[in-house]
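Before any comments, here is the structure.
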Amino acid sequence: MNKDKIFKLAKGFRGRAKNCIRVARERVEKALQYSYRDRRNKKRDMRGLWIQRINAGTRLHGVNYGNFMHGLIKENIQLNRKVLSELSMHEPYSFKALVDVSRSAFPGNKTVITPSEKKGLSMLV
């Protein structure tokens, strides 16, 4: 890279990293490595966030994430995790319909104690 391009990329850096070519070149190269790595990490982090949101939504209806996804696969419902997380947050009635479909498809989803029943059981003990 030529000097002008390095200084343009180093704009906003602190200390000599913005105006000394030798330091700026090292900092810019490292910054480009970080950006390359973090573009992939961002996808990984978003997938984890979607899974957490789906899991929270399914547990409100008494099903865990793994059984919910297994039921959707058995019913051949091909919605990705991003769409499912949006449904769980913004369309709770549509998401409940999906949970019900998943519950009917997978027998492991049928006998689940809901959170409200768990509170009642703890009071009896």
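These values consider heavy atoms only, across backbone and side chains, with no hydrogens, waters or symmetry-generated copies.
Other residues, nucleotides and ligands contribute at most 12 non-hydrogen atoms within 6.0 Å of the CZ atom of R22.
If you chain together hydrophobic residues whose side chains sit under 4.5 Å apart, V23 and L9 never meet in one group. Criterion: ILVMFWY side-chain heavy atoms under 4.5 Å apart, direct or through other members. Under it, V99 and V83 are part of a common hydrophobic cluster. Connection of F7 to L32 is established within a shared hydrophobic cluster, with ILVMFWY side chains joined at heavy-atom distances below 4.5 Å, either directly or through further cluster members. In the hydrophobic clustering of ILVMFWY residues, with side-chain heavy atoms under 4.5 Å counting as a link, I73 and L79 come out apart.
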_V28 vs F13, side chain to side chain contact (heavy atoms under 4.5 Å, CB included): CA-CA, chis, key distance, verdict_ = CA-CA 9 Å; V28 165; F13 288 3; 4.0 Å; yes
*Could you walk me through whether L72 and L84 pass the side chain to side chain contact (heavy atoms under 4.5 Å, CB included) check?*
CA-CA 11 Å; L72 289 183; L84 287 172; 3.9 Å; yes
_Verdict with reasoning, K18 to K11, per side chain to side chain contact (heavy atoms under 4.5 Å, CB included)_ = CA-CA 6 Å; K18 69 177 174 283; K11 190 170 184 173; over 6 Å; no
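Here the straight-line distance linking atom SG of C20 with atom CD of E26 works out to 9.0 Å at 0.5 Å rounding. Here the CZ atom belonging to R27 is positioned 12.0 Å from the CZ atom belonging to R16, to the nearest 0.5 angstrom. The NZ atom of K96 sits 14.5 Å away from atom CG of L87, with the distance rounded to the nearest 0.5 Å. Distance check, rounded to the nearest 0.5 Å: NZ of K8 to CG of N2 gives 10.5 Å. From E75, atom CD reaches atom NE2 of H70 across 11.0 Å, with rounding to the nearest 0.5 Å. Atom CD1 of I51 and atom CG of N55 lie 9.0 Å apart (nearest 0.5 Å).
Of all non-hydrogen atoms in I54 and F95, the two that sit nearest each other are O-CZ, 4.0 Å. Residues S88 and G57 approach most closely at CB-CA, 4.5 Å, considering heavy atoms. Taking each heavy atom of S102 and N67 in turn, the nearest pair found is OG-O, 3.6 Å. Considering all non-hydrogen atoms of both residues, K74 and A105 come closest at CD-O, 3.9 Å. Contact record, W50 with R81: CB-O, 3.7 Å, taken as the closest heavy-atom pair.
Side-chain contact between I77 and L98 is present, with heavy atoms from C-beta onward closer than 4.5 Å.
A salt bridge links D100 with R103: at least one charged nitrogen is closer than 4.0 Å to a carboxylate oxygen.
Both tests do not hold together for R39 against Y36: distance to the six-membered ring centre under 6.0 Å, angle to the ring axis within 45°.
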